[in-house]
There are 2 protein chains.
Amino acid sequence: MKSLSIKDIALKANVSITTVSFIINGKAKEKSISEAVIKKVEKIIIESGYKPNQIARSLRTGNSNIIGLIVEDISNSFFSKVARLIEDKAYKKGYKIIYSSTENSVEKAKELINMFKSRKVDAYIISPVAGIEDDIKLLLNDNKPVILFDRNLPGVDTNYVGANHFTATYQSIESFIKEGKKNIALVTTDVSVQQIIERFDGYKQALTDFKLPYNENLVLKIPFGQAEEETISNIKELFKNNKIDAVLFATNYLAISGLKAVKQINKTIGKDLSVIAYDDHEAFELHTPLISAVQQPLEEIAETVIKLILNQLSSKTKLANQQVIIPAKLISRN
Amino acid sequence: MKSLSIKDIALKANVSITTVSFIINGKAKEKSISEAVIKKVEKIIIESGYKPNQIARSLRTGNSNIIGLIVEDISNSFFSKVARLIEDKAYKKGYKIIYSSTENSVEKAKELINMFKSRKVDAYIISPVAGIEDDIKLLLNDNKPVILFDRNLPGVDTNYVGANHFTATYQSIESFIKEGKKNIALVTTDVSVQQIIERFDGYKQALTDFKLPYNENLVLKIPFGQAEEETISNIKELFKNNKIDAVLFATNYLAISGLKAVKQINKTIGKDLSVIAYDDHEAFELHTPLISAVQQPLEEIAETVIKLILNQLSSKTKLANQQVIIPAKLISRN
DNA sequence: CTGAAAGCGCTTACAG
DNA sequence: CTGAAAGCGCTTACAG
């Protein structure tokens, strides 16, 4: 069953394909097509269930009404939640989202950008990895809107939306210190992306400002993508240092592994050990005791990303780049 | 900056676009292009960074190397995990995945199918809602592979991959009964999709087989998409019935709301109340006490879906439809 | 061993 | 008020 083309509709309606095209694209008035013809053609379109071939349209116009979204890992709840919000908001404006995960691999990120490019997506929303700066610059040369989110890419001059990771981390450490904690550990990942670096810097700065020594034995960097059992055992190893009285986990999945690790050793959260997780998760609201977490305002991030994109898509001239930093909030559940 | 076209490459190499096209598509040998020309053209392609326009290619060939994946809600961890696995496996075979969420809305599901159709995706993986039977039949008429997953659609004759929801639920209820539980509640959703119905049926059948009365006051149907506070308060209301000594949650997000509800009332899980959640979640492994869950084999589901799709895409003839039922496993954490 | 040309289904500048 | 025709960037049957 071949699907209908604009030619079939034109034939049935006894008009040219030009006329049909104008009507489909809402340019009938502007092109002064008569009411009668409009009605006739619209009726045929509805009855036949004709849907324009978007591929042909894209080839001709060079755009697609599709926005490409590249995240680190769609199965991470932070990303899947933001993705869902972005999808909803874009959908309401007539844009579709297609997404893919980079797994923090430079090669996969480059491939995804190329795939999106060859599909002529209208705009890009990317949580980047270091190493794709040049690919992003090419997109910008092409005049495509690019919004980085979650983490910035130093050296690329484009739009960015992200939480204030440094401040949120700083405040987390500060809250530990105010509780009287002295040996504060940080469990983070080994990927060197902006938001992880900011979290690390916030940790160090808070220690310095409050005159606590920075001790690198209290910092554990977990290789990205490592099997969870390994991570748990690394964390148990860290906790062999009995002095540790507080720990900040730089991502929610590390916190989950960390909580599992704590279950297996003789430390009691709340009494021996204070815990804060960066990025909230359902598990933390259910844990006994409750686990404090830094919440990024997902809704606001999604909203801002979409707003920036739509502004640029609807503007004929190149807009100034914006760096929108949104405060993240420490939710204390003690 | 216009991007390069095949014409530019042909021009630079001093050959026809036909020749370039053959080389790009690996048909050089078959078309007996000379080694020298192949080398020359390949060199130019690499140096120039030329990437074929997939839109043009799709328009011409009618396919896209893209598989459309339609899930209920990408921010639900069951779907985001399966999506990620499917993405990985498809990617390795040269297929890209684009996904979208239906939110259990018939209209949105139809729109998504139309969008995918007009983008000429090669195959569809769909966790369907009732009401899109005709749209799916149109795809099948079009000879596009369609794999339903997670839930089947009675009345549509196509491929299906899903867990044995009935049996897994039955076994869960059976395990409650063997613990000596007498008043077993079910918290489920009001959407009438196959997998939810199967879970309900498994619940009822187990009661019947073990000579327990079916009491509809023990069944709570939560409206899909309802705000969580509302759900929690519905569940607290249910638990006002003090006789309830066990509860099965038909989805993991309902279980999470349920666990929050239990925290707010004076029931103790393990002592007063046994709990099983359908679909596992990180939170259950961290909860005190641990929460038992029915685990669907995500990896196997993703693997099977992709295998079915690739088989069909590579086969010239129409293959027989397959219904693959994969056992789900009750993970007892008591 | 290689190329000219048709055609996929649209949009749009131009003409009347 | 409406249409014929070019062209977006490819693939492929056909010809030589």
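Computed over heavy atoms, backbone and side chain alike; hydrogens, waters and symmetry mates excluded. Remember, predicted model here, so these are calculated numbers, not experimental data. To find a chain, count down the sequence lines: A is the first, B the second, and so on, and within it residues start at 1.
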> Which nucleotide, in any strand shown, forms a Watson-Crick or G-U wobble pair with C:dC1, with both distances under 3.5 Å?
Replying inline: D:dG16

[X] has an atom [atom1]; how far is it from atom [atom2] of [N], in whole Å?
| X | N | atom1 | atom2 | result |
| --- | --- | --- | --- | --- |
| B:Arg119 | C:dC10 | CZ | P | 13 Å |
| B:Leu11 | C:dT2 | CG | P | 17 Å |
| A:Gln54 | C:dC10 | CD | C1' | 10 Å |
| A:Lys120 | C:dC10 | NZ | C1' | 16 Å |
| A:Ile23 | D:dC1 | CD1 | P | 13 Å |
| A:Lys7 | D:dA4 | NZ | P | 13 Å |

>> Contact list please: residues 33-49 of chain A against DNA chain C, heavy atoms, distance less than 4.0 Å, in numerical order.
In response: none

> Which comes earlier along DNA chain C counting from the 5' end, the contact point of A:Tyr50 or that of B:Thr19, where each point is its nearest nucleotide?
Replying inline: B:Thr19

> What closest approach, in Å, do B:Glu42 and B:Ile23 show between heavy atoms, and which atom pair accounts for it?
Replying inline: CG-CG2, 3.9 Å

> Should the pair A:Lys93-A:Glu87 be classified as a salt bridge under the 4.0 Å nitrogen-to-oxygen rule?
Replying inline: no

> Between A:Phe149 and A:Tyr160, is the gap from one ring center to the other below 6.0 Å?
Replying inline: no

> Hey, what do you get for CD (B:Gln54) to CG (B:Asn65), rounding to the nearest 0.5 Å?
Replying inline: 7.0 Å

> Which nucleotide, D:dA4, D:dG9, C:dT2, lies nearest any side-chain atom of A:Leu59?
Replying inline: D:dG9

> Hey, does the side chain of B:Ser16 come within less than 4.0 Å of C:dG3's phosphate (OP1/OP2), counting only N and O?
Replying inline: yes

>> Treating primed atoms plus P, OP1 and OP2 as sugar-phosphate and everything else as base, which nucleotides of nucleotides 11-16 of chain C get B, S or - for protein heavy atoms under 4.0 Å?
In response: BBB---

Taking atom types as modelled and ignoring hydrogens, do the side chains of [X] and [Y] form a donor-acceptor contact shorter than 3.5 angstrom?
| X | Y | answer |
| --- | --- | --- |
| A:Asn152 | A:Gln323 | yes |
| B:Thr19 | B:Ser16 | yes |
| B:Asp150 | B:Gln195 | yes |
| A:Thr61 | A:Asn63 | yes |

> Any chance NZ of B:Lys108 has more than 12 other-residue heavy atoms, nucleotides or ligands included, within less than 6.0 Å?
Replying inline: yes

